[in-house]
Protein chains: 2
Amino acid sequence: MAKLDSIFHCLADPTRRAVIAQLATGASPVSELAAPHDMALPSFMKHINVLEAGGWIETQKKGRVRTCRLCSGAIETAESWLDQQRRIWERRLDQLDDFVATLDDERIQK
Amino acid sequence: MAKLDSIFHCLADPTRRAVIAQLATGASPVSELAAPHDMALPSFMKHINVLEAGGWIETQKKGRVRTCRLCSGAIETAESWLDQQRRIWERRLDQLDDFVATLDDERIQK
DNA sequence: ATCAAGCTTAGCCATTTGGCTATCTATTCG
DNA sequence: CGAATAGATAGCCAAATGGCTAAGCTTGAT
């Protein structure tokens, strides 16, 4: 899925992860989000745009303030993909265990 | 953490996600992994190297065959970061619910 | 009406990414 | 030995990324 590209691309940058982490504790205007990051505002805004395009946040402007809030879709898609891979992987490890157990049983039978 | 950059960067590409998904079902040599992807081998090898650098896979060469297998560290780190954000976010939503409930109670009291 | 605050837009730049071809090395098979 | 197989290395290239500065442009406060 092409959406996964942009969802995970958002997470591959410390500034964007920090924004997500901060927004998890509550909505915030852009300038407040930008404050902790030593970076010019246009540079920071690019990250905001990337996060919005990736479906991590949504924003709305009231007066001259743009407020950003986290939305649920992206994190669910991300976790669900990871979960699926982990399940496939763990199921296979279990099958390996069973296989080894079978070998052991056969050895005992002798 | 700088490691998270490379861990998530690995996931931001469909070829690399496909390799992870395929390796979840069992270890594989490079050429077998490469087969489904319409891409020259050196290009594909770059993805393998990125995945190895990101801690998603480890490889070992026997004779002329390099075998790749998934390792557990990366997926755990990734899921754990996501889980942590989700928990922070959900806890805050619960607090909002409580707050709204308090408001309702106060309205009823009147 | 003016001025500051809070973005926005435009355009520049270095580096990274993700692809390619061509060539080389190291194994294995006949 | 000689040829085919499986990767590895080197080097090229266009596009994307992540940063900057210098102006704009609304909106809110005085």
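Numbers restart at 1 for each chain; the letters A, B, ... are given by sequence-line order, proteins then strands.
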- Are B/Leu4 and A/Leu70 joined in one hydrophobic group, where the rule is that I, L, V, M, F, W and Y side chains link up if heavy atoms are under 4.5 Å apart?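 In one cluster: yes.
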Whole-Å distance between [N] [atom2] and [X] [atom1]?
{"X": "A/Asp38", "N": "D/dG18", "atom1": "CG", "atom2": "P", "result": "17 Å"}
{"X": "A/Met39", "N": "D/dG18", "atom1": "CE", "atom2": "C1'", "result": "8 Å"}
{"X": "A/Arg66", "N": "D/dT27", "atom1": "CZ", "atom2": "C1'", "result": "14 Å"}
{"X": "B/Phe44", "N": "D/dA6", "atom1": "CZ", "atom2": "P", "result": "14 Å"}
{"X": "B/Leu51", "N": "C/dT17", "atom1": "CG", "atom2": "C1'", "result": "14 Å"}
{"X": "A/Met45", "N": "D/dT17", "atom1": "CE", "atom2": "P", "result": "17 Å"}
{"X": "A/Asn49", "N": "D/dT17", "atom1": "CG", "atom2": "C1'", "result": "14 Å"}
{"X": "A/His47", "N": "D/dC20", "atom1": "NE2", "atom2": "C1'", "result": "12 Å"}

- Message: I'd like to know if the side chain of A/Arg17 and the backbone of A/Leu11 have a donor-acceptor N/O pair within less than 3.5 Å.
- Response: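 At least one qualifying donor-acceptor pair exists.
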- Do side-chain atoms of B/Trp56 reach the backbone of B/Ile75 as a donor and acceptor pair under 3.5 angstrom?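 No; zero donor-acceptor contacts below 3.5 Å.
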Check this one for me: any side-chain N or O of [X] less than 4.0 Å away from OP1 or OP2 of [N]?
{"X": "B/His9", "N": "D/dT17", "answer": "no"}
{"X": "A/Ser31", "N": "C/dC7", "answer": "yes"}
{"X": "B/His37", "N": "C/dG19", "answer": "no"}

- Parallel, tilted or perpendicular, as decided by the 30° and 60° cut-offs, for the rings of A/Phe8 and A/Trp81: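 Ring orientation of A/Trp81 relative to A/Phe8: perpendicular.
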- Query: Do the rings of A/Phe44 and A/His37 sit parallel, tilted or perpendicular, given the 30° and 60° boundaries?
  - Reply: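 Taking A/His37 first and then A/Phe44, their aromatic rings lie parallel (interplane angle under 30°).
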Can you check nucleotides 12-15 of chain C for protein contacts, nitrogen or oxygen pairs under 3.5 Å, and list what you find?
none

- Task: Check whether any side-chain heavy atom of B/Lys3 sits under 4.5 Å from a side-chain heavy atom of B/Thr77, and report yes or no.
- Result: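 Sidechains of B/Thr77 and B/Lys3: no contact.
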- Using heavy atoms to find the nearest nucleotide of DNA chain D for A/Thr15 and B/Pro29 separately, return the residue whose nucleotide is more 5′.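 Final value for this comparison: B/Pro29.
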- Positive for side-chain hydrogen bond (donor to acceptor under 3.5 Å, both in side chains) with B/Glu90, one of B/Arg86, B/Arg87, B/Arg92: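 Of all the options given, the one that passes is B/Arg86.
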- Which of these, A/Ile57, A/Val19, A/Leu51, sits in a side chain to side chain contact (heavy atoms under 4.5 Å, CB included) with A/Cys10?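 Looking at A/Ile57, A/Val19, A/Leu51, the match for A/Cys10 under the side chain to side chain contact (heavy atoms under 4.5 Å, CB included) is A/Leu51.
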- Task: Identify the heavy atoms of A/Lys61 and A/Arg66 that sit nearest to each other, and give their distance.
- Result: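 Taking A/Lys61 first and A/Arg66 second, the nearest heavy atoms are CD-NH2, 3.7 Å.
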- From D/dG7, C/dC7, C/dG18, nucleotide with atom closest to A/Lys61 side chain: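 Shortest atom-to-atom distance from the side chain points to C/dC7.
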Check nucleotides 21-27 of chain C for protein N or O atoms closer than 3.5 Å to its own N or O atoms and list the pairs.
| from | atom 1 | to | atom 2 | distance (Å) |
| --- | --- | --- | --- | --- |
| C/dT27 | O2 | B/Arg64 | NH1 | 2.9 |

